[in-house]
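Notes follow once the structure below has been shown.
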There are 2 protein chains.
Amino acid sequence: MKIAFQGVPGAYSELASRALFGAGAKALPFDTFENVFEAVDKARGGKGLADRGVIPIENSLAGSIHQNYDLLLEHHLHIVGETYLRVEHALLALPSARFQDIREVRSHPQALAQCSRFFAEHRNIKPVVWFDTAGAARSIAEEKPDDVAALASEYAGKLYGLKALRRGTQNEAGNFTRFLAIARNPSPPPRGSKHPCKTSIAFSAKNEAGSLYRILGVFASRKIDLHKIESRPDPASPFEYCFYIDFAGGTGEANVKQALAELRGLTRDLRVLGSYPRALLPKSKRNSNSRTSRKP
Amino acid sequence: MKIAFQGVPGAYSELASRALFGAGAKALPFDTFENVFEAVDKARGGKGLADRGVIPIENSLAGSIHQNYDLLLEHHLHIVGETYLRVEHALLALPSARFQDIREVRSHPQALAQCSRFFAEHRNIKPVVWFDTAGAARSIAEEKPDDVAALASEYAGKLYGLKALRRGTQNEAGNFTRFLAIARNPSPPPRGSKHPCKTSIAFSAKNEAGSLYRILGVFASRKIDLHKIESRPDPASPFEYCFYIDFAGGTGEANVKQALAELRGLTRDLRVLGSYPRALLPKSKRNSNSRTSRKP
């Protein structure tokens, strides 16, 4: 099985691919999310180079990646799985490097920002931006500097023969990313499957209190739990909104079928993005760097 | 009036500050969002260096910036305004530079990715990552290379004496960011104000169909329109969710007061983040680069 992901080998997306499909699947790196969709798709310019794709869809600090929702809608691919990955950056350097010699640390700006307290505590270490976390690790392996390190996953470090001088350097221990597996064909878990199932849908509606209230009534009256709801304004039509909803259950179940049929009458352009086994959010472990409470 | 923003002079956040407070207000640059909150806050380690802060809260492609919601909750500051800014990157170079000589383009990885089609069409131009868009523009002004350009706003170009070799280089014309103005004290528009008002709230609740349905009933029964709804899982308590809702009306209005009182009984930790004049989403103009339809 070939799995397309965005980034270079060692990227967090490759880790997610291993979590979803095992270490035996062949993970193929692509430059952009668009290329990942094109690699899986066979229509719309796609070549079907890969059997599945793995894309990040939301991060606990940075929010939903709307761009990937757009690509899901554009490509008519199907969500067939999900996984949550904790974002844990390690400070990676050559096996011969010593922490006290490190003067420069390379990583993606978001990763550098996530480790801002590390840099505040080590003023003599200069953060340097890189295209991606795993690419920063690879550059250390290629250039072999003794005084430069990278911030990336420990997995990237192993891949490039680097050692972790520090682990868990991010400010916030509770930072995780949700990844989706996408495929050309839907594969809803079979009816009666023991594993809890989740379904993702997208639709357009007015973001009035009344219209959304009626839409949620479709789920409430059938005691279908929601896992996510998000509205997104459409600049092309200011009074219409796109909604993303994830709910419990699969399209094979009778009450889900009825709910979707009723939703068609209340929404526009309803799309079932996929039914798939539900992954559990990893339980948060707070580290000493964590300061932010997420409670309102 | 002093306005804190994240980034270097010429950043999109500074543009948002000018849109909100005029060119006369003094915009003060800070390294991180946390520093912006601390600059406005006088409690929690803050020094009250600025009267207001301006922060991005959501982008049409990249989604909500949850980190800034966290900081809003942590710092007990108040939203006092909002504005939408279209993200339009220009290719900025020295006045003496010619497009055909450009070999390298510097910018933030997100801006480079937003202009991926430009790079696909100009294979001889190498994208180079930089900490931020305006910082990339500043580096051109400082180093004065004839064959290097930056992707940033035209405003940043003017600030650093650069000319725009190309305008609107991003793939997607409908890309905009919503910015919030924050202050130490709430300033809800006066009752009877002609300008439409918006209120932002955050609360915790179970993300069951039934509980959210009852919560939206509070708005539906009073015909209060919603402008945004978003759920966010809390890794620390897997069955509780944080919700963000923006709705029409201000806290000075009787039906809003009643709705908030009723909400307190249905939610936990309800926080009113602020009431403020509502900004309109800029109408989308599609450019020839746009391929993605946002319709489900």
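Throughout, protein chains are lettered first and strands after them, A, B, ... in sequence-line order, and every chain is numbered starting at 1.
Of the two parts of B/L112, only the side chain, counted from C-beta on, holds a non-hydrogen atom closer than 4.5 Å to a non-hydrogen atom of chain A. For A/N68, no part lies under 4.5 angstrom from a heavy atom of chain B. Proximity to chain B (any heavy atom under 4.5 Å) is shown, for A/A113, by neither the backbone nor the side chain. Contacts of A/L212 with chain B are made by both backbone and side-chain atoms, with heavy-atom separations under 4.5 Å. At a 4.5 Å heavy-atom cutoff, the contact between B/I224 and chain A is made by backbone atoms alone. For A/L280, no part lies under 4.5 angstrom from a heavy atom of chain B.
The most heavy-atom pairs under 4.5 Å with chain A, out of B/S211, B/A209, B/G63, come from B/A209. Chain B forms the most heavy-atom pairs under 4.5 Å with one residue out of A/I201, A/I215, A/L216, and that residue is A/L216. Most heavy-atom pairs under 4.5 Å with chain B, from the set A/A62, A/G210, A/S221: that is A/A62.
In A/N35, the CG atom is crowded: over 12 heavy atoms of neighbouring residues, nucleotides or ligands sit closer than 6.0 Å.
Side-chain contact between A/S64 and B/S64: absent, with no pair of heavy atoms (C-beta onward) separated by less than 4.5 Å. Between B/E34 and A/R117, some side-chain heavy-atom pair lies under the 4.5 Å cut-off. Side-chain contact between B/H227 and A/Y241 is present, with at least one heavy-atom pair separated by less than 4.5 Å. The side-chain heavy atoms of B/I65 and A/L61, taken from C-beta on, include no pair separated by under 4.5 Å.
Note that the CD1 atom of B/I245 and the OG atom of A/S231 stand 9.0 Å from one another [nearest 0.5 Å]. For the atom pair CG of A/N59 and CD of B/Q67, the computed distance is 10.0 Å after rounding to the nearest 0.5 Å. With rounding to the nearest 0.5 Å, the separation of CZ in B/F219 from OH in A/Y213 is 12.5 Å.
Between B/H108 and A/H108, the ring planes lie perpendicular to each other; the angle is over 60°, past the 30° to 60° tilted range.
Across all their heavy atoms, A/N207 and B/K228 have their closest contact at ND2-N, 3.5 Å. Here the shortest heavy-atom pairing between B/P233 and A/F176 reads CG-CZ, 4.4 Å.
The pair A/R232-B/E230 does not meet the salt-bridge criterion, since no charged nitrogen lies less than 4.0 angstrom from a carboxylate oxygen.
Here A/F131 pairs with nothing under the ring pair (Phe, Tyr, Trp, His ring centres under 6.0 Å) rule; sequence neighbours left out.
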